[in-house]
A.B. asks: 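Quick one: this structure, given as structure tokens, is what I'll be asking you about.
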Amino acid sequence: HQISVLKKQMEDRSFDLETLESDAYAMESSALEMSKITYDDITFVITALLNQKPVSVDEQGTFQPTNPEEKMSKNDLTHEIKFAMSMGLAKAGEVRHFIENNAKVNFPDVPNRIKAALNHEYKRLVSNGVRGDELFNSLYTFSHQDSPNPSRQLAGLAVLCYFFLTCDIFEP
């Protein structure tokens, strides 16, 4: 009887190990792809967000950016989101540069319009009871406009994480 219990435990552990290896491969692959996103990918995401129906930017005041891990905890985001968040934050500087340059050169209201589109979707989802990881994942899909292109999806993640970091979406 002890041998069969031991065999069952070994099978369970083997399955756990295979799952971990599969998840690790997917994370590594996504991280490599994140390094390949371009300004064209970011442009696609920004343009898609700017093309949302106009919504007003609420004057909720500005907050000092908080530690991303503290903010994740405050917003009930789990370790499942942590890897995606770290990938997106790795490109947040490029997103900031792109948004600021567009604001200076072309359209000064670009940052506010993107913030308004994300805030509008955030509030809509929260009012429907969406919270935590599901809220983050829904905003992620919204940010890349459900694009099937992996680079555009990752650009959407970078834009979402940038606005998460600046406390323009999610609870500060």
A.B. asks: For the backbone of Arg124 and the side chain of Ser127, can you confirm whether one donor and one acceptor N or O come within less than 3.5 Å of each other?
C.D. replies: yes
A.B. asks: Which heavy atom of Cys161 sits nearest to which heavy atom of Ala84, and what is that distance?
C.D. replies: SG-O, 4.2 Å
A.B. asks: Just wondering, do His97 and Asn101 contact through their side chains at under 4.5 Å, heavy atoms?
C.D. replies: yes
A.B. asks: To the nearest 0.5 Å, tell me how far Lys82 NZ sits from Met85 CE.
C.D. replies: 11.0 Å
A.B. asks: Could you report the tightest heavy-atom contact between Leu154 and Met87, atom names first, then the distance?
C.D. replies: CD2-CE, 4.0 Å
A.B. asks: Could you give me the CA-CA distance, side-chain angles and deciding distance for Leu77 and Leu135, then say whether side chain to side chain contact (heavy atoms under 4.5 Å, CB included) is met?
C.D. replies: CA-CA 9 Å; Leu77 300 176; Leu135 178 59; 5.9 Å; no
A.B. asks: Would you say Thr166 and Phe163 make side-chain contact, with heavy atoms under 4.5 Å?
C.D. replies: yes
A.B. asks: Considering non-hydrogen atoms only, spot the tightest contact between Gln153 and Ser147 and give its length.
C.D. replies: NE2-O, 2.7 Å
A.B. asks: Between atom CG of Leu160 and atom CG of Leu165, what is the distance when rounded to the nearest 0.5 Å?
C.D. replies: 11.5 Å
A.B. asks: For a quick test of reading the model, state the closest non-hydrogen atom pair linking Ala117 to Phe142 and the distance between them.
C.D. replies: O-CE2, 3.7 Å
A.B. asks: Is Ile42 close to Ile99 at the side-chain level, that is, under 4.5 Å between some pair of heavy atoms?
C.D. replies: no
A.B. asks: Tell me, do Phe164 and Met72 make a side-chain contact under 4.5 Å, heavy atoms counted?
C.D. replies: yes
A.B. asks: Is any side-chain heavy atom of Leu125 closer than 4.5 Å to a side-chain heavy atom of Leu139?
C.D. replies: yes
A.B. asks: His144 vs Tyr140 aromatic rings, parallel, tilted or perpendicular, using cut-offs 30° and 60°?
C.D. replies: perpendicular
A.B. asks: Search all heavy atoms of Ser143 against all heavy atoms of Leu157 and return the closest pair with its distance.
C.D. replies: OG-N, 4.1 Å
A.B. asks: Which value, rounded to the nearest 0.5 Å, describes the distance between Leu118 atom CG and Tyr162 atom OH?
C.D. replies: 11.5 Å
A.B. asks: In Å and rounded to the nearest 0.5 Å, what is the OG to CG distance from Ser138 to Asp133?
C.D. replies: 10.5 Å
A.B. asks: To the nearest 0.5 Å, tell me how far Glu134 CD sits from Ile81 CD1.
C.D. replies: 10.5 Å
